[in-house]
Structure formats: structure tokens, C-alpha cells
Novice: 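If you scroll down you'll find the structure; I have some questions about it.
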Amino acid sequence: MPAEEYKRIVVAVDGSQASLKAFKKAVHVAKRNDADLIIAHVVDTKTISTAETYDQSMINRSETYASQLLNDYKVQAENAGVRKVETHIDYGSPKVRIPKYVAKAFSADLIMCGATGLNAVERFLIGSVSENITRYAPCDVLVVRSDDEAEEQHLEQTI
């Protein structure tokens, strides 16, 4: 098998525009490689536990949001022609769970993620999720940038 061929792709999504672009690009890469696509979301329990109004309803809302997001993306990927799509919700720190647990659990040979996500304060203080994924991943990582409008329009037209 050529080194540039991927068979198990994990795409990390959080609902941000950057992760949407990563998802769309992941769909194209999965189709081109006839690969399985694993759409993963990590409920950031640290963010929830530090909230002053921490209660079970916050976890429930986070789980509901994650389920809806993943189901929507799964339908889009299947409609676009990806042959095998799985979804996965995990709990903890996305910057740790994606590279150290999710990628390994699904035997990923590629992780795709957006260059920036939803948590700008944490990114400023301790580094971005994408930065940590590239540092600790057991496989190749593709960080999707969101600056190219022509690329974005092309992806929009094909999904």
C-alpha cells in the first residue's frame, strides 16, 4: 500500500467554522482514498467543570449538542459518498483525547482538524488543540486552514 493512501481517517469537530472546513476536506480525502471516516467530538469536561453553574444539565446539553452535530455530519458524509462513516463522542480534554485515545482506539492513519476551534482563551494560554494533536498523534495529521475562499467555495459546491 502506498504511504500516501489513508484507510482510517479521524476528523475532530467542535462545531466551529474551522472544524466544519476540516470535516468537508476529510470527506473529500475519505472518498479519494476509499477510506473509513470517523467523526469525533470531545466534550471538554474541564470547561464544564469550571463553570460556576456546573450541573448535570450542562453535561446533558453538551451530549445532545455533540450527538446532533455528529449525526448531521454523518448524514452529509454518507450523502457525499463516503462508504463507511462512524461517529464517536469522548470526554475530557480534546487536545489529549484525540491524539492519545481516539486515534489509537480507531487505528487511525490520519487525523484531520481545523487550525482553530471554539476555545480562544485556552488556545492563548496553553496552546491550541491542533498544536497538541500534531505533537502527540500516533499517525499523520492534516491541519486544515480556513483562509482560502476559493477552496471553501469548491468544497461547498461538492458537498
Novice: Hey, is the main chain of D34 close enough, under 3.5 Å, to the side chain of R83 for a donor-acceptor pair?
Specialist: yes

Novice: Judged by atom type as modelled, is there a donor-acceptor pair below 3.5 Å linking the side chain of S19 to the main-chain atoms of S16?
Specialist: yes

Novice: What is the distance from atom OG of S107 to atom NZ of K7, rounded to the nearest 0.5 Å?
Specialist: 15.0 Å

Novice: Just to verify, what does N33 make a side chain to side chain donor-acceptor pair (under 3.5 Å) with, not counting sequence neighbours?
Specialist: none

Novice: Would you please name every residue forming a side chain to side chain contact (heavy atoms under 4.5 Å, CB included) with A77, sequence neighbours left out?
Specialist: F23, V27, L37, V82, V85

Novice: Could you pull out all residues at least two apart from R135 that satisfy side chain to side chain donor-acceptor pair (under 3.5 Å)?
Specialist: none

Novice: Return the set of residues passing salt bridge (charged side-chain N to carboxylate O under 4.0 Å, His left out) with D90 (not counting sequence neighbours), or none when no residue passes.
Specialist: R97

Novice: What residue among D36, D140, D109 forms salt bridge (charged side-chain N to carboxylate O under 4.0 Å, His left out) with R8?
Specialist: D36

Novice: So do the side chains of I111 and I98 get within less than 4.5 Å of each other, counting heavy atoms only?
Specialist: yes

Novice: Quick one, V143 and C113 - any side-chain contact, counting heavy atoms below 4.5 Å?
Specialist: yes

Novice: Which other residues end up in the same hydrophobic cluster as Y136, if Ile, Leu, Val, Met, Phe, Trp and Tyr are linked when side-chain heavy atoms come under 4.5 Å apart?
Specialist: none

Novice: SG of C139 to NZ of K104: how many Å apart, nearest 0.5 Å?
Specialist: 10.0 Å

Novice: Are R61 and T64 close enough, and set up right, to give a side chain to side chain contact (heavy atoms under 4.5 Å, CB included), and what steps lead you there?
Specialist: CA-CA 5 Å; R61 283 194 304 271; T64 300; 5.6 Å; no

Novice: For Y91, check side chain to side chain donor-acceptor pair (under 3.5 Å) against everything at least two apart and list the hits.
Specialist: E63

Novice: Are V129 and E131 side-chain neighbours, meaning at least one heavy-atom pair lies under 4.5 Å?
Specialist: no

Novice: Are I89 and I9 grouped together when hydrophobic residues (ILVMFWY) are joined by side-chain heavy atoms under 4.5 angstrom apart?
Specialist: yes

Novice: Hey, could you give me each pair passing ring pair (Phe, Tyr, Trp, His ring centres under 6.0 Å) that has a residue in residues 96-115? Not counting sequence neighbours.
Specialist: H88-F106

Novice: Considering only Ile, Leu, Val, Met, Phe, Trp and Tyr, and joining two whenever side-chain heavy atoms are under 4.5 Å apart, list the other residues clustered with V75.
Specialist: none

Novice: Once salt bridge (Lys or Arg N to Asp or Glu O under 4.0 Å) is applied, what residue pairs with a partner in residues 64-73 remain, sequence neighbours excluded?
Specialist: none

Novice: So, the side chain of T87 versus the backbone of L70: is there a donor-acceptor pair under 3.5 Å, distance only?
Specialist: no

Novice: Does some side-chain heavy atom of I133 sit less than 4.5 Å from a side-chain heavy atom of K95?
Specialist: no

Novice: Are L142 and V13 linked, directly or through other ILVMFWY residues, by side chains that come within less than 4.5 angstrom of each other?
Specialist: yes

Novice: Between G114 and A22, which heavy-atom pair has the shortest distance, and what is it?
Specialist: N-CB, 3.5 Å

Novice: Taking all non-hydrogen atoms of both residues, which atom of A108 and which atom of V10 are closest, and how far apart?
Specialist: CB-CG2, 3.6 Å

Novice: Over all heavy atoms of both residues, which pair between Y6 and A35 is shortest? Give the atoms and the distance, please.
Specialist: O-CB, 3.2 Å

Novice: Mind checking what makes salt bridge (charged side-chain N to carboxylate O under 4.0 Å, His left out) contact with K84, not counting sequence neighbours?
Specialist: E86

Novice: Working to the nearest 0.5 angstrom, can you tell me the gap between I39 CD1 and Q76 CD?
Specialist: 8.5 Å

Novice: Please determine whether residues V96 and V42 belong to a single hydrophobic cluster, defined as Ile, Leu, Val, Met, Phe, Trp and Tyr linked transitively by side-chain heavy-atom distances below 4.5 Å.
Specialist: no

Novice: What's the separation between atom CG in L20 and atom CD in Q17, rounded to the nearest 0.5 Å?
Specialist: 5.5 Å

